[in-house]
2 protein chains.
Amino acid sequence: MAKPKPSKRHRAKDDSLVDALAHAAFVTMAVLNKVGAEHDLSLTQLRVLGILRDRRPRMAALADYLGLEKSTMSGLVDRAEKRGLLARAPSPGDGRAVDVFLTAEGARFAERVHARVQDALSPLTTRLGPADQRRLQDLLERMLDSHET
Amino acid sequence: MAKPKPSKRHRAKDDSLVDALAHAAFVTMAVLNKVGAEHDLSLTQLRVLGILRDRRPRMAALADYLGLEKSTMSGLVDRAEKRGLLARAPSPGDGRAVDVFLTAEGARFAERVHARVQDALSPLTTRLGPADQRRLQDLLERMLDSHET
DNA sequence: TATTGTTATACTCTATAACTATA
DNA sequence: TATAGTTATAGAGTATAACAATA
């Protein structure tokens, strides 16, 4: 009973907000993917760097945040560590835990990449006028608000 | 000199439109990924099915559309074909080309998955009121407009 | 010669399962 | 016993390079 059925949707290409949202997500991801590739980073590695810009989580917290298994996390951190972008250290409070953080080089690299992401994404957003940009940001933030991820 | 520096951005979590956009993209992708996983589909396979819902492209066109190498496309199509979701057929006009299309089963499956995507994404969008939903859709569409991808 | 697609190869990403060390 | 992390293994996704068939 509850759900008011979508009635007769005529199945155009992008006829709903969720389709527009999915489309926007794919386009955005394509850009992020490209920027990542320019720096030899997968989307996941890009994200790891972004997270580590202002955090120093344990392996488990990082895996949780990314929605990945801890074993997957080990591999990701291994490879990035091998490149000198981040490092591991025993966690102070817990003898089992391992903290992850950017190296000095990794931090510089992460800032460079972040700047490139901004630049690469801006052609998209600047298609809108300043007022619309504010509106869009506001709507997106309200939509994501309290959707902790 | 050139770039008007962002002045004193205090580096909050999401303080710019591009960050909000990237965040929205990651959240959306996480949902799509989850729906895909429920059906044993990667994000890419999910997308392939979505594209094939109303198209019958050649391998090369499909690869182009997804931004992948043709060899990658071969593997993706191989696996989906093995599952009976899609099929290949020689392209009428060109003896070298191969058309790809959904099987009857694949088409049913694709519709089911699409419905699930709508459902899974709607909790996000319905956080906004109806008027805001229309505004957001409009802004996204205008942003993506003429950005063929 | 150029284009379409496949195959071979290699590496990253990912999960599951088994393991070690600490709590 | 339960938790944090690593290692081993296997499969999907991806690109590059070499190839066959057609244009």
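Below, chains carry the letters A, B, ... as their sequence lines are ordered, and counting in each starts from 1.
Atoms CG and CG, from B/Asp132 and A/Leu139 in turn, are 5.0 Å apart once rounded to the nearest 0.5 Å. Taken from CG in A/Leu32 to CG in A/Leu121, the straight-line distance is 5.5 Å, to the nearest 0.5 Å.
For the pair B/Leu76 CG and D/dA15 P, the interatomic distance rounds to 9 Å; values are reported in whole Å. For A/Arg96 and D/dA2, the CZ to C1' distance is 8 Å, given to the nearest whole Å. With rounding to whole Å, A/Asp99 atom CG is found 12 Å from D/dT6 atom P. Distance B/Leu68 CG to D/dG13 P: 10 Å, rounded to the nearest Å. Here D/dG5 presents its C1' atom at 9 Å from CZ of A/Arg88, a figure rounded to the nearest Å. As a whole-Å value, the separation of A/Leu43 CG from D/dT14 C1' is 12 Å. A straight line from CG of A/Asp40 to P of D/dT14 spans 17 Å, rounded to a whole angstrom. Rounded to an integer number of Å, the gap from B/Gln45 CD to D/dG13 C1' is 9 Å.
No donor-acceptor pair closer than 3.5 Å links the side chain of A/Arg53 to the backbone N or O of A/Ala110. At distances below 3.5 Å, not a single donor-acceptor pair connects side-chain atoms of B/Ser91 with backbone N or O atoms of B/Val98. Judged by distance alone, the side chain of A/Thr103 and the main-chain N or O of A/Gly84 form a donor-acceptor pair under 3.5 Å.
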**OP:** Apply the test side-chain contact (heavy atoms from CB on, under 4.5 Å) to residues B/Leu17 and A/Leu140: give CA-CA distance (whole Å), side-chain angles for both, the deciding distance (0.1 Å), then the verdict.
**Re:** CA-CA 9 Å; B/Leu17 173 51; A/Leu140 289 175; 4.3 Å; yes

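Side-chain to base pairing of B/Ser71 with D/dT14: no donor and acceptor N or O lie closer than 3.5 Å to each other.
Residue A/Thr44 is in sugar-phosphate contact alone, with no base atom involved, counting any heavy-atom pair closer than 4.0 Å across all strands shown. Residue B/Gly95 is in sugar-phosphate contact alone, with no base atom involved, counting any heavy-atom pair closer than 4.0 Å across all strands shown.
Between B/Arg79 and the phosphate of D/dG11, there is no side-chain N or O to OP1/OP2 separation shorter than 4.0 Å.
Place A/Glu69 and A/Gly93 on DNA chain C by their nearest nucleotides, and A/Glu69 ends up nearer the 5' end. Nearest-nucleotide assignment on DNA chain D puts the 5′-proximal partner with A/Arg58, out of A/Arg58 and B/Thr72.
Here chain A contacts DNA chain C (any atom closer than 4.0 Å to a heavy atom, that is under 4.0 Å), and the contacts span C/dT12 to C/dA23 from 5' to 3'.
No salt bridge links A/Asp138 with A/Arg135; every basic N to acidic carboxylate O contact stays at or beyond 4.0 Å.
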